[in-house]
Amino acid sequence: MAVNVEVPLSGGEVTEGVVRVGETVRRPYGAHSPAVHGLLRYLEGVGFEGAPRVLGVDERGREVLSWVPGETPQRPLPGFAVTEEALRGVALLLRRYHEAVVSYEAPQGAPWDMAASRLDGEPELIGHCDVTPENVVFRGGVPVGLIDFDLARPTTRMYDVVTTLRHWAPIADPGDRDWRLCQVDVGRRVRLFCDAYGLDRDGRREVLPAARVRFERSYEAMRARAENEGGAWARIWRSGAGTRIRRAQDWLESNWDELDARLV
Ligand SMILES: Nc1ncnc2c1ncn2[C@@H]1O[C@H](COP(=O)(O)OP(=O)(O)O)[C@@H](O)[C@H]1O
Ligand SMILES: [Mg+2]
């Protein structure tokens with residue numbers, strides 16, 4: 001007898017009530033969901049395999065997405081998530097996603113979640129905007145899927161690159177990193193990521209300045225979200241998200257020259 005058991009999924013910190021039911025995932029339907037579903041349907045149409053499929057809305061009004069088979073790194077990060085191969089794979093996956101999405105013309109006025117931080121500049125594509133370890137599915141040690149498109153919105157490639165580097169290089173104070181990443185050579189990893197993504201020389205020059213802008217914006221955006229939306233955002237803020245960003249900013253500034261030398 002098939003029983004629709006609901007298995008709570010707690011990988012991310014943000015969305016309450018994410019459950020797995022068989023080969024599907026049920027998530028709360030938000031104001032941004034129609035925009036995200038348009039994006040996911042487009043990705044399906046162009047044959048991009050590295051994202052969940054939209055299967056509809058269930059009897060409880062939740063979005064129904066396909067389960068992407070594989071493993072999503074949780075904290076503390078498993079060894080397979082911190083290797084240079086994994087990092088290279090994430091860069092390639094992000095690049096493939098960007099190639100797939102760049103010709104997507106989202107409907108005018110699509111209700112993206114715009115409360116998160118943005119870089120200046122003309123949007124080039126719909127970015128994922130939240131490529132954390134918890135939002136990447138691995139199979140056999142290889143990153144194969146992006147999940148959790150809640151923060152997807154019009155942005156630049158560079159925004160997605162620096163956000164991803166923030167979590168994966170990682171650009172963070174060593175004391176705030178997952179233990180397996182405390183000692184890594186971040187300059188080498190940033191370089192490796194940019195090589196794998198295929199950033200040209202001009203692009204590389206933009207990475208650190210873009211990270212600088214992004215940290216400041218995300219500090220402001222997270223504080224505003226904690227104040228305006230409360231809930232999980234307030235909890236994350238209370239747990240020290242703001243001070244972690246401040247420490248990451250300090251770390252970036254004190255390591256700037258070395259990172260810059262590695263990049264260019
Ligand atoms: N479509 C999916 N395929 C596979 N795993 C998923 C899927 N959706 C969610 N998960 C798992 O559930 C966790 C939390 O889901 P997520 O959508 O990222 O919510 P949050 O907004 O809380 O980060 C993920 O880290 C992952 O482990
Ligand atoms: Mg998530």
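Ligands are counted one by one from 1 in listed order, and the atoms in each one are counted from 1 as well.
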Worksheet item: Going by atom types alone, do Arg88 and Tyr197 pair a side-chain donor with an acceptor below 3.5 Å?
Response: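 Short answer, no.
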Worksheet entry | Between Arg166 and Thr164, a side-chain donor and acceptor under 3.5 Å |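 Thr164 and Arg166 do not have a side-chain donor-acceptor pair below 3.5 Å.
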Is the closest heavy atom of [X] to ligand 1 under 4.0 Å?
{"X": "Glu16", "answer": "no"}
{"X": "Ala232", "answer": "no"}
{"X": "Ile147", "answer": "yes"}

Worksheet item: Do Asp195 and Arg191 sit within salt-bridge range, that is, some charged N less than 4.0 Å from a carboxylate O?
Response: yes
Worksheet item: Should Arg96 and Glu49 count as an ion pair when the cut-off is N to O under 4.0 Å?
Response: no
Worksheet item: Taking 2.8 Å as the cut-off, does an N/O/S atom of Asp130 lie below it from the Mg ion (ligand 2)?
Response: no
Discussion item. So that I can check it, does any N, O or S atom in Asn135 come closer than 2.8 Å to the Mg ion (ligand 2)?
Written reply: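 Yes, within the cut-off.
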Item to complete: Give the atoms of ligand 1, by number and element, whose distance to some non-hydrogen atom of Glu134 is under 4.0 Å.
Response: 24 (C), 25 (O)
[X] and ligand 1 - part of the residue with a heavy-atom distance under 4.0 Å:
{"X": "Arg27", "answer": "side chain"}
{"X": "Val68", "answer": "both"}
{"X": "Pro69", "answer": "neither"}
{"X": "Leu65", "answer": "neither"}

Worksheet item: Out of Asp148, Leu9, Asp150, Val137, whose heavy atom is nearest to atom 16 (P) of ligand 1?
Response: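 Comparing heavy atoms across Asp148, Leu9, Asp150, Val137, the nearest one to atom 16 (P) of ligand 1 lies in Asp148.
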Fill in: Donor-acceptor pair, side chain of Asn135 and main chain of Leu146, under 3.5 angstrom
no
Worksheet item: In terms of hydrophobic clustering (I, L, V, M, F, W, Y; side-chain heavy atoms under 4.5 Å; direct or indirect links), are Tyr42 and Leu65 co-clustered?
Response: yes
Worksheet item: Gln74 and Glu134: side chain to side chain donor-acceptor pair (under 3.5 Å), yes or no, with the steps?
Response: CA-CA 6 Å; Gln74 309 292 336; Glu134 292 87 346; over 6 Å; no
